[in-house]
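Letters A, B, ... are given to chains in the order of the sequence lines, protein chains preceding strands, and every chain is numbered from 1.
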There are 2 protein chains.
Amino acid sequence: MQRVTIQTVADKAKVSIKTVSRVLNKEGSVRETTRDKVLAIIAELGYEPSPAARALARNSSKIIGLIYDNPSAAYITDVQNGALNACDKNEYSLVIHPCLQEGESLTEDLINLVQRSRLDGLILTPPITDNKLIIQALLDKKIPFACIAPEQTSSNYSSVSCNDSVIGKEITNYLIDSGHEKIGFIIGHADHGAATQRFTGYQEALLAANINISEDFIVQGDFSFESGLKAAERLLNLSDRPTAIFAANDYMAAGTLRAAFSLGIKVPSELAIVGFDDAPVSRQISPSLSTVKQPVSKMAETATNLLIAKIKDPKKSNEHHVFNAELIIREST
Amino acid sequence: MQRVTIQTVADKAKVSIKTVSRVLNKEGSVRETTRDKVLAIIAELGYEPSPAARALARNSSKIIGLIYDNPSAAYITDVQNGALNACDKNEYSLVIHPCLQEGESLTEDLINLVQRSRLDGLILTPPITDNKLIIQALLDKKIPFACIAPEQTSSNYSSVSCNDSVIGKEITNYLIDSGHEKIGFIIGHADHGAATQRFTGYQEALLAANINISEDFIVQGDFSFESGLKAAERLLNLSDRPTAIFAANDYMAAGTLRAAFSLGIKVPSELAIVGFDDAPVSRQISPSLSTVKQPVSKMAETATNLLIAKIKDPKKSNEHHVFNAELIIREST
DNA sequence: CAACATAATGACAGCGCTGTCAAACATTTA
DNA sequence: TAAATGTTTGACAGCGCTGTCATTATGTTG
């Protein structure tokens, strides 16, 4: 059995391959009767155009890369699913690229990846979104890209984000409204811009409520469970310990819960805990965690759509979409 | 600036493009001095062969698809990372394909995906590995594939797995050795072959220890936290309730822990809990869960290597690799 | 040193599509 | 009805590689 190519279709439809190509690419300038005839034969033969041949002829692969260096599996799969949605709808393919290495060579590796795989563009996720070297290199090489939740926006590329500082303020206010005044904060990884904004929101809320916080109540973590555990131990061993702790993500909040558990501190009666991200663990622990849910998948989808639009029309101006996050109140507060 | 192609390299090296091609593909029959010269120029120009042109000329995309329909993000990313490792080493690309739909059309969709994207082969993960329709369709269409943890092995395709029944027996024995006789079991999703084997191991251990278990001690779940919660509530409300519960995965074990928590049952003093999979949650809850860790990433890497070997040489016989899982004893027992 | 075997190299077609440009056809206008 | 315009179609080159097969260089033998 011979492979079905554009030629097969053209022969059977008694038109030239160019006409079939026009139909495939919805180019217009094809009489409706002709188009219907071609379409019918394509369906009949189950013809699928060869991506390789198209890529070669067009000099564009219709593949975009998703770059991440993020320890949260749940976050990653959400991002992947959103990006895949957008890709499917636009007939693009997605290639995933975790970069587990922190190395100096990351910039080089990325450029190399794009060149070797002939990617049409990239989606960047935090914390890579905040890597100036990489951003600059991509800009220099004129490789289209879009960012998910970058620390700051830029007119040089499209991006999507949540207003983390607003939400951070909101959840802090919620704690204040519940009667807490001694609210500890566990900061996330320093590279992660959005995490910094969560902290900013926390500070703003306290300021607005005229609450003074000692330096001791603010502890550095790195988003991991263990770092949350350690940070919380420090907070909870203070002579005048906080009655509420806001951790910049759920893993650290889970660590906080465990620290409380070890120290025999009851949650939420003696200590309220809030996390961030609505990671699965926030539902799976007891008491379940109050947290913040971002529409991660939707954000990734939007970023991908923006990227694809930019690839299709490089002159298109860059956009920045802001999404709303949602407070989820559970048992830990 | 003109794009660097094989012609550019050939011209500069004063050889034919065919010779450059030979060097690129390590074909042999190239004098060492010639090869070194070509290699030097490739490096100098930073030449990268066009995947599209190669795919077109070879009629093979060097892309494999990873198919999954699995709710566990941690598992998925482990599998992805393992598969990516193998792909990178062999200069293959990986395209991920979650199939969230349960639909009848899944078989058709998969075949379609392979044809449209011209995938060279597929990696299947549970529970799709046990879908006879899909397996048969792939076999019929002569699409190469390999399975990760299928319910049963077959000489028609390569696969990798852990001996879940052996491990299930082992962990049950561990509970028995700790003095438990009343051991409940929460079964996983019925489609999932490996889960069934975990149950088999449990039964074998009890049989060997001459322990009789009432039907009541065995409850059906579906791998989700909620199903574990419900199942555990049933078990723990029995008049003669179990002193230990073996859940077929960690999410259900986490649900069990929560049920115990709600009912005021102390873990591990009044109830021992073991899970399966070493999901992140097993470390992040208090008390942390005793569980079983499978080398998921390594398994995926091996499966991918087997697939690639098969793609390169279709006459190669199929292999089945068995991996060892590891008991991880934590606080819940 | 001729006659042969073998290793190294190159010329060229072709993979399946898209882009360019010219040709054919249809429609309007004078 | 002829010319002028616009619309639809097709011929053909070329994208950057690999496969086939012919050719040339090198080594080996009697």
Nearest whole Å is fine: how far is [N] [atom2] from [X] [atom1]?
| X | N | atom1 | atom2 | result |
| --- | --- | --- | --- | --- |
| B:Glu32 | C:dT9 | CD | P | 12 Å |
| B:Glu27 | D:dT20 | CD | P | 10 Å |
| A:Lys37 | D:dT9 | NZ | C1' | 11 Å |
| B:Ile17 | C:dA13 | CD1 | P | 12 Å |
| A:Ile6 | C:dT18 | CD1 | C1' | 8 Å |
| A:Arg35 | D:dT8 | CZ | C1' | 14 Å |
| A:Leu56 | D:dG14 | CG | P | 14 Å |
| A:Arg3 | C:dG16 | CZ | C1' | 10 Å |

So, is [X] close to the [N] phosphate, meaning a side-chain N or O under 4.0 Å from OP1 or OP2?
| X | N | value |
| --- | --- | --- |
| A:Ser16 | D:dA11 | no |
| B:Asn59 | D:dT18 | no |
| A:Arg58 | C:dC17 | no |
| A:Arg54 | C:dT18 | yes |
| A:Thr34 | D:dT9 | yes |

Are the side chains of [X] and [Y] in touch, meaning some heavy atoms are under 4.5 Å apart?
| X | Y | result |
| --- | --- | --- |
| A:Tyr75 | A:Ile148 | yes |
| A:Val160 | A:Leu306 | yes |
| A:Tyr157 | A:Ile135 | yes |
| B:Arg118 | B:Arg116 | no |

Using heavy atoms to find the nearest nucleotide of DNA chain C for B:Ala53 and B:Thr19 separately, return the residue whose nucleotide is more 5′.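 First, find each residue's nearest nucleotide; the 5'-ward one identifies B:Thr19.
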
Hey, which sits more toward the 5' end of DNA chain C by its nearest nucleotide, B:Val15 or B:Ala57?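 Counting from the 5' end, the first nearest nucleotide belongs to B:Val15.
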
B:Ser50 near the nucleic acid: base, sugar-phosphate alone, or nothing, with a heavy-atom cut-off under 4.0 Å?
sugar-phosphate

What nucleic acid atoms does A:Ser29 come within less than 4.0 Å of, heavy atoms only: base, sugar-phosphate, or nothing? base

**Asked** Of the nucleotides C:dC17, C:dG10, D:dT18, which one has an atom closest to the side chain of A:Tyr47?
**Response**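 Among C:dC17, C:dG10, D:dT18, the one nearest the side chain of A:Tyr47 is C:dC17.
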
*Quick one: which of D:dC15, C:dT18, D:dC17 gets closest to the side chain of A:Ser21?*
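That would be C:dT18.
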
Does a distance-only test, which skips hydrogens and angles, find a donor-acceptor pair under 3.5 Å between the side chain of A:Arg22 and the base of C:dG19?
no

| Start at the 5' end of DNA chain D and walk down; is the nucleotide closest to B:Ala52 or to B:Lys18 reached first? |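 Residue closer to the 5' terminus by nearest nucleotide: B:Ala52.
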
Query raised in the report: Is there a donor-acceptor contact under 3.5 Å linking the side chains of A:Ser158 and A:His320?
Result: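 Per modelled atom types, A:Ser158 and A:His320 side chains form no pair under 3.5 Å.
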
Rounded to the nearest 0.5 angstrom, the CG-OG1 distance for B:Asn85 and B:Thr304 is 9.0 Å

